[in-house]
Amino acid sequence: MWEYTDKVREHFLNPKNSGTIEGDDTVVGEVGSLSCGDALRLFLKIDDNGVIEDAKFQTFGCASAIASSSVLTEMVKGMTVEDAEKVSNQDIADALGGLPKEKMHCSVMGQEALEDAIRCYRGEEAAPAPEGEIVCKCFGVTDLQIKRAVIDNKLTTLEEVTNFTKAGGGCEDCHERIGEIIDEIRFGVTELDLKPLVVEPVKLTNIKRFQLVSQTIDEEIRPALHKDGGDIELIDIEGTEVIVSLRGACVGCPSSGVTLKDFVERRLKETVEEAITVREA
Amino acid sequence: MRPVYLDNNATTMVAPEVKEAIIPLLEEEYGNPSSMHGLGGRSGKYLSEAREKVAAGLGCEPSEIIFTSCGTEGDNTAIHSAIESQPTKKHIITTRVEHPAVLNVAKHLERKGYEITLLGVDSEGRMDPDHLREAIRPDTALVSVMYANNESGVISPIEELVEITKERGVLFHTDAVQAVGKIPLDLKKLPVDYLVLSGHKIHAPKGVGALYLRRNTPFRPFMLGGHQELGRRGGTENIPGIVGLGVAMDLAVSHIDEENTRVRAMRDRLEKGLMASIPDAMINGVEAARLPNTLSIAFKYIEGEAMLLLLDQFKICASSGSACTSGSLEPSHVLRAMGVPFTYAHGSLRFSLSVYNTDEDIDLVLKELPPIISRLREFSPFRRGDEGLDWVDDH
Ligand code: FES
């Protein structure tokens with residue numbers, strides 16, 4: 001049996017604001033499906049000043065799903081739409097005094113229903129199909145949804161991703177791909193660009209290229225080499241060829257060639273320009 | 001208030017007679033049966049008496065019984081014995097609805113290069129013996145089919161399956177953890193090679209089980225150690241547990257008639273009563289031969305865990321095939337194998353009775369469950385006729 005906080009129990013046993021709201025000034029947010037095992041329909045009545053006057057819910061799901069819906073309606077009542085937009089799944093979980101980690105996806109469902117209702121209020125396309133490529137077929141979760149959960153909640157393991165998004169909770173076929181996504185975010189490019197994943201190659205001016213190269217060397221490459229007692233100096237840049245000189249422990253190190261190609265050059269290709277090559281002066 | 005315990009396929013209470021038999025072993029009778037003194041000798045006697053009782057309950061010889069720690073150990077031992085004794089055979093047949101103690105061993109062996117055939121079941125949870133006939137190959141090392149299913153209660157056509165494997169000279173293992181004590185079972189008439197039972201499902205304590213090993217069936221010990229159990233399972237015997245299992249086996253045999261009359265009648269009354277008072281409900285495996293104590297019932301548009309927690313308010317203990325109770329996200333593999341639609345699978349409950357249940361227990365469920373269902377349906381976004389909505393994808 002799950003360990004639920006008293007708050008969760010209370011909101012599950014005596015849910016607040018269950019039901020529907022009718023009327024022209026009502027918007028509805030919907031997430032989930034019967035096959036996924038949980039679904040939430042959130043009703044918001046918003047006045048002329050953009051203040052949420054009333055909120056109600058209908059939920060199909062477990063105790064955590066019902067409690068998350070109930071507490072969410074309590075939270076957003078009286079809020080402006082702008083403030084409601086900032087409510088995160090963690091806020092919902094916190095308001096319940098926490099949820100078992102396996103149940104965090106229930107709070108995510110609350111946040112998503114809220115977003116959907118607000119989109120509806122703004123007259124935007126209701127519940128656009130999640131963008132990106134479907135990674136988990138069992139629960140229809142895309143790579144972008146996974147990335148967002150990983151970054152927002154600082155997730156580091158497959159298990160956590162499943163707890164937050166359900167991805168990976170079925171046939172397990174997608175486990176490898178989820179692992180790759182986590183690694184990409186943890187060890188790859190630091191920031192996530194939720195929209196265009198394919199970055200158009202940008203033409204750099206010589207000055208811009210010089211700035212980016214020296215910035216990457218100063219901020220990333222040199223500190224990393226320092227850890228092993230080495231150092232690096234930027235000598236010149238000719239077109240896309242970067243000329244450097246290794247110092248300290250790197251001089252005469254049998255793997256300095258590897259350091260240059262596999263570390264310095266790769267990093268500069270990632271951060272500055274694909275065409276960059278590196279050679280030692 | 002005593003709980004209304006309707007989760008006996010998960011575990012059972014320790015029978016008073018069993019408890020009484022165990023107490024002296026926790027007090028003065030603590031000898032090790034391997035010791036050469038009076039105290040040890042008496043323990044040895046308890047051990048062989050328990051073995052005789054278990055053998056008598058199954059209709060086999062005491063030497064064909066190996067005491068284990070649980071059903072899982074029995075299943076693991078049987079499967080490993082079968083494959084290790086036939087190293088050239090690399091194919092195993094089992095079913096989609098087995099307990100994880102078998103399914104996970106099969107998965108593990110698959111990673112080690114074995115080929116696994118998983119036989120399916122129909123929408124009532126029934127197996128087709130012809131599927132087994134077609135699946136057996138010259139390199140099949142073992143067929144493993146559970147005697148009765150823990151969730152649906154559906155009973156396998158064991159006699160027929162055993163006959164098919166015998167004709168083809170293939171070893172047969174059955175996980176009979178749910179069948180023992182609920183339906184008559186006689187190994188004199190049923191030539192299985194390995195059969196597994198677990199103490200805590202028949203009112204003995206947890207931590208004891210038995211593996212029946214037909215004479216002359218290949219065996220390789222799984223637990224290596226001392227010469228206990230004729231060298232077939234090392235480790236000092238759990239004498240209190242084993243003695244408890246012996247007494248529980250005697251009781252189980254004496255309860256078989258009651259299981260099939262009074263318990264079955266209570267189950268049927270529960271089933272009919274719920275079906276009559278709750279719309280959009282269905283019984284899983286209703287057309288199949290089922291254990292007399294098990295009812296797997298599913299309610300559309302609501303989710304199992306919510307029902308369980310509300311039932312718990314009335315101290316009614318049941319279990320659910322819903323995903324939310326298990327930490328996994330897919331509903332029970334058994335219900336999915338039966339093709340139970342998601343609409344129902346998420347909202348399924350299992351009631352499993354024992355001879356210790358009373359008519360009042362059933363009355364309480366019949367009184368409290370219908371309002372719980374309608375309350376949860378009140379705030380479910382799905383209701384009758386909603387199947388046409390496109391955000392309701394039920395497959
Ligand atoms: S594809 Fe992700 S769990 Fe099945």
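Chain naming here is simple, since letters A, B, ... match the order of the sequence lines and numbering starts at 1 in each. Since the model is a prediction, treat every value here as computed from it, not as a measurement.
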Would you give the length of the straight line joining atom CZ of B:Phe379 to atom CG of A:Leu40, rounded to the nearest 0.5 angstrom? 12.0 Å
Start with the C-alpha gap between A:Phe60 and B:Leu376, add the side-chain angles, then the distance that decides, and say whether side chain to side chain contact (heavy atoms under 4.5 Å, CB included) holds. CA-CA 8 Å; A:Phe60 161 79; B:Leu376 288 173; over 6 Å; no
Considering all heavy atoms, the nearest B:Arg375-A:Asn14 contact: NH2-N, 4.3 Å
Return yes when atom NZ of B:Lys90 has more than 12 non-hydrogen atoms of other residues, nucleotides or ligands closer than 6.0 Å, and no otherwise. yes
Rounded to the nearest 0.5 Å, how far does CE of B:Met307 lie from SG of A:Cys62? 12.0 Å
Would one find more than 12 heavy atoms of other residues, nucleotides or ligands at under 6.0 Å from atom CD of A:Glu176? no
Surrounding CD of A:Glu133 (heavy atoms of other residues, nucleotides or ligands, distance under 6.0 Å), is the total greater than 12? yes
Any idea which heavy atoms bring A:Ala39 and B:Pro381 closest together, and the distance? O-CG, 4.0 Å
When the 4.5 angstrom heavy-atom criterion is applied to B:Arg377 and chain A, the contacting part is neither
Can you tell which of A:Leu13, A:Ile66, A:Thr20 has the highest number of heavy-atom pairs within less than 4.5 Å of chain B? A:Leu13
Could you grab the distance from atom OG of A:Ser64 to atom CG of B:Leu309, nearest 0.5 Å is fine? 8.5 Å
At what distance, to the nearest 0.5 angstrom, does OG1 of A:Thr59 lie from CD1 of B:Ile302? 13.5 Å
What are the two closest heavy atoms between B:Ala306 and A:Gly61, and how far apart are they? CB-O, 3.8 Å
Rounded to the nearest 0.5 Å, how far does NE2 of B:His346 lie from CG of A:Asp38? 8.0 Å
